[in-house]
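What you see below is based on every heavy atom in this structure, not just the backbone, and it leaves out hydrogens, waters and symmetry mates.
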Amino acid sequence: MDTHRDFHVAAVLSLNGRTLGIERFPATSSGYGQLVRWALQLGAVRRAGVESSGNYGAALSRYLLSQGIEVFEAPGPGRAARRRRAKRASDQCSGCSV
């Protein structure tokens, strides 16, 4: 789940990684219920990856746990993209001479 202050975006994946659905829900207790009901319509929900589970995703993580869904911290794509950019920059500089 991609978590934000006012809304969360959830994606449901099959066991083989195929995207079954993507939806946006309010970051409220009723929104958490809507999210779980929607996800359950697509299949069994055993675990959920939540970005920022200690920040914007904290309340969502607690709700999912209360519903018997295992929660793990999902690294956001922004972090990975920043690491790739930093590596490219350092690789380019390693060829530079002073």
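- Remark: of the listed residues Val71, Leu60, Val9, Leu60 is the sole one forming a side-chain contact (heavy atoms from CB on, under 4.5 Å) with Met1.
- Closest approach of Gly49 to Ala74, counting heavy atoms only: C-CB, 3.7 Å.
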Throw together a table of side-chain donor-acceptor distances under 3.5 angstrom for residues 30-43, partners on residues two or more places apart or in other chains.
unit_1 : atom_1 : unit_2 : atom_2 : d
Ser30  : OG     : Thr28  : OG1    : 3.2
Arg37  : NH1    : Gly33  : O      : 3.3

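- Hydrophobic clustering (ILVMFWY, side-chain heavy atoms < 4.5 Å, transitive): Ile22 and Phe7 are in one cluster.
- Among residues at least two apart or in separate chains, side chain to side chain donor-acceptor pair (under 3.5 Å) pairs with a member in residues 2-15 are Asp2-His4, Ser14-Asn16.
- When hydrophobic clusters are built by joining Ile, Leu, Val, Met, Phe, Trp and Tyr residues whose side-chain heavy atoms come closer than 4.5 Å, directly or via intermediates, Phe25 is grouped together with Leu64.
- Contact annotation: the side chain of Leu13 never approaches that of Leu20 to less than 4.5 Å [non-hydrogen atoms, C-beta and beyond].
- Taking the side chain as every heavy atom from C-beta outward, Thr19 and Val12 never approach each other to under 4.5 Å.
- Under the 3.5 Å distance criterion, the side-chain polar atoms of Glu70 are left unmatched by any main-chain donor or acceptor of Arg46.
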